[in-house]
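The structure appears below as structure tokens.
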Amino acid sequence: MRSSTVYLRQRVKAVLNQAMEDLKADGVVPAEVQVQPDVEHPTSPEHGDYATNAAMKLAKPCRQSPKAIAEKLKIKLEARGQGILARVEVAGPGFVNLYLHPSALMQELQSVRVRSEAYGTDAWGAGRRLLLEFVSANPVGPLNIVSARAAAVGDTLARVLRSQGVHVEKEYYVNDAGNQAKLFGRSLYARWRQSLGEDVPVPEEGYQGEYVAACAAECAQARAAELKNASVEQAAEIFRSEGVARMVASHRHDLAEFGVEFDHWFSELTLHESGQVQAALDDLKTRGYIFEHEGAIWFKSTEFGDDKDRVLIKADGVPAYIAADVAYHRNKFNRGFTELVDIWGPDHHGYIARMKASMQALGHEADAFRVLIAQQVNLMENGQPVAMSKRAGIFITMADLIKDVGRDVARFFFLMRSTDAHLDFDLDLARKHTDENPVFYVQYAHARICSILRKAAGEGWVLCEANATPELTQPWAPEELAVIRSLTSLPEILEAAARNLEPHGLAFYLRDLATEFHRFYTVCRVLDSEDKKRSEARLALIDAIRIVLRNGLDLLGIGAPDSM
RNA sequence: GUCCCAGUAGCUCAGUUGGAUUAGAGCAACGGAUUUCUAAUCCGUUGGCCGCAGGUUCGAGUCCUGCCUGGGACACCA
């Protein structure tokens with residue numbers, strides 16, 4: 001289904017490579033010279049559809065001026081670019097500007113409709129097996145805003161990577177083994193006893209929010225029979241396991257509401273029970289990165305650039321959190337994944353070095369394990385940050401946010417920022433169902449197109465076959481050419497987003513494409529009975545725009561409505 | 001004290017891994033456009049010492065060093 005298509009920019013690159021080979025054959029460029037020239041869109045369209053710095057990169061190894069090489073390259077490009085390039089120009093310090101042949105643009109436009117929902121997909125990522133872990137919140141309370149951000153980014157990243165042929169599985173790590181889970185169990189237990197009129201205090205550092213009492217009641221009802229004769233310790237354990245299970249279920253539910261579904265939910269407890277924590281320890285020991293000191297067992301993480309060595313097994317014999325985490329990531333590799341990507345919250349920044357160290361100690365390449373930090377989110381209302389206090393139980397959850405502004409808006413706002421930058425979430429703007437809200441702006445473009453297509457169908461207009469190039473006697477208008485050029489950028493946008501693990505470029509791209517469409521719409525009437533040929537061509541054009549908008553919105557996990 | 005992230009228009013942010021005498025959007029402000037396929041639209045104007053100072057080279061918002069400011073992290077917690 002994912003046939004390998006050569007997109008427009010790749011065709012241009014291929015022409016450039018051929019031209020450079022020709023220069024080698026002529027002896028202009030020494031055979032051993034290897035350069036990777038950039039082919040990019042110039043800032044100003046007057047400088048061509050694409051421009052390359054190949055001549056500047058070749059200048060030094062060839063010991064010639066960039067301009068001289070550019071002139072020679074130009075001749076080869078003109079010969080090799082038949083049917084793709086209309087014009088080649090040398091400019092500035094040695095740039096070579098490439099102007100597309102109109103027929104190449106038309107072919108690409110046709111390709112959008114032929115490939116339809118597969119337009120933009122590629123296969124360069126085939127063969128990679130990547131495990132993407134994100135959210136992984138402690139199952140002791142509702143998901144917060146940062147989790148929502150991580151969910152949006154992780155889910156879209158998975159979709160984008162898959163579109164490029166990478167095999168991706170999404171995983172959620174359930175911290176059901178540690179102190180937090182225990183503390184949660186005891187908090188639930190206390191709340192239950194309180195509800196029975198007894199004076200049992202919630203433990204210090206325990207969980208206070210309103211949801212705790214509600215969860216305690218549900219747990220008590222579900223496990224009533226077992227609780228009847230349980231000791232305090234047994235009861236706390238029952239509340240721990242039941243409470244965690246219910247929290248995990250609610251996380252799963254809330255995430256599904258947000259359009260995010262995981263392939264795996266991985267329990268920390270199973271690592272301990274199956275002996276994998278010990279196995280990881282033994283592995284590190286065999287490799288010589290373990291030592292004992294003051295009754296604790298340490299990992300020599302400083303060997304791999306960490307600030308200090310880290311305790312794996314505490315002096316009391318209990319494994320530290322990181323011991324299970326090392327075992328967990330070792331497990332991921334053992335399952336056959338060749339790349340691990342984690343998305344963590346901002347408070348785990350300092351944790352990266354030691355985890356990377358542990359994976360290197362286990363023999364993996366440094367960049368086989370990568371961590372993205374989903375930075376802090378400030379909810380803004382009336383220009384002020386919304387006050388939140390976890391301690392007092394006053395905080396806006398992911399579920400609250402989605403209920404408030406809607407799933408599409410929430411996702412788009414999170415995906416409009418680079419992941420590792422702080423984000424001010426403008427609630428007032430998010431709530432507006434007007435043109436100021438960028439989500440609706442993009443969706444409106446899609447709906448507008450659908451509306452025209454409906455009208456066209458009703459009036460008996462013919463939407464030409466996907467593989468038929470519309471014939472035109474008059475040249476395309478500038479607004480038409482601009483939007484066609486934008487269309488052809490989707491493949492490179494997706495490739496960049498996947499390679500850099502930065503999905504936000506896609507959101508910006510869609511907004512820009514919507515702008516190009518709206519501009520076109522204002523100037524060019526699609527259905528014009530005076531000019532049937534042009535109308536048919538424009539119908540094909542807006543159909544292609546519809547496809548690209550829809551593909552992009554799908555990858556963002558956002559709806560593409562037919563009408564608004 | 002050490003480390004990480006950020007600092008670009010009044011506000012929120014892009015800037016394609018160093019490229020073009022002209023650094024871009026959105027919002028806000030001001031002025032225009034609709035007998036039309038959806039005005040949830042479009043066009044125009046105003047707005048900048050890219051935190052500061054050096055350095056690297058043909059070329060720096062982008063890379064290096066130092067400093068300033070904001071946020072975060074620095075457990076035998078998870």
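Sequence lines set the chain letters: A, B, ... in the order given, protein chains first and strands last, and positions in each chain run from 1.
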Quick one: [X] [atom1] to [N] [atom2], roughly how many Å, whole number?
X	N	atom1	atom2	result
A/His446	B/rC37	NE2	C1'	16 Å
A/Asp347	B/rC74	CG	P	8 Å
A/His348	B/rC3	NE2	C1'	17 Å
A/Gln375	B/rU12	CD	C1'	16 Å

Sugar-phosphate only, base, or nothing, as touched by A/Gln443 at under 4.0 Å among non-hydrogen atoms =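 Answer is nothing: A/Gln443 stays at 4.0 Å or more from every strand.
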With sugar-phosphate meaning primed atoms plus P, OP1 and OP2, does A/Asp424 contact a base, only sugar-phosphate, or nothing at under 4.0 Å between heavy atoms?
-> sugar-phosphate
So, does A/Asp176 use its side chain to make a donor-acceptor pair with the main chain of A/Leu269 at under 3.5 Å?
->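 Between the backbone of A/Leu269 and the side chain of A/Asp176 there is a qualifying donor-acceptor contact (under 3.5 Å).
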B/rG31 pairs with, by Watson-Crick or G-U criteria that keep both distances under 3.5 Å |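 B/rG31 is paired with B/rC43.
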For A/Arg511 and B/rA14, is the shortest distance between a side-chain N/O and OP1 or OP2 below 4.0 Å?
->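 Answer no for this pair, as no side-chain N or O of A/Arg511 is under 4.0 Å from OP1 or OP2.
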A/Lys314 side chain N/O closer than 4.0 Å to the phosphate oxygens (OP1, OP2) of B/rC77?
-> yes
N-O pairing of A/Arg534 and A/Asp528 below 4.0 Å |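 Here A/Arg534 does not pair with A/Asp528 in a salt bridge, since their nearest N and O are not under 4.0 Å apart.
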Tabulate atom names and distances for all N/O pairs under 3.5 angstrom spanning the protein and nucleotides 16-21 of chain B.
{"residue": "B/rU17", "atom": "OP2", "partner": "A/Glu40", "partner atom": "OE2", "Å": "2.2"}
{"residue": "B/rU17", "atom": "O4", "partner": "A/Asn500", "partner atom": "OD1", "Å": "2.8"}
{"residue": "B/rA20", "atom": "N6", "partner": "A/Asn97", "partner atom": "OD1", "Å": "2.5"}
{"residue": "B/rA20", "atom": "N1", "partner": "A/Asn97", "partner atom": "OD1", "Å": "2.9"}
{"residue": "B/rA20", "atom": "N1", "partner": "A/Asn97", "partner atom": "ND2", "Å": "3.2"}

Per nearest nucleotide of RNA chain B, the residue lying toward the 5' end, A/Lys455 or A/Glu268, is A/Lys455
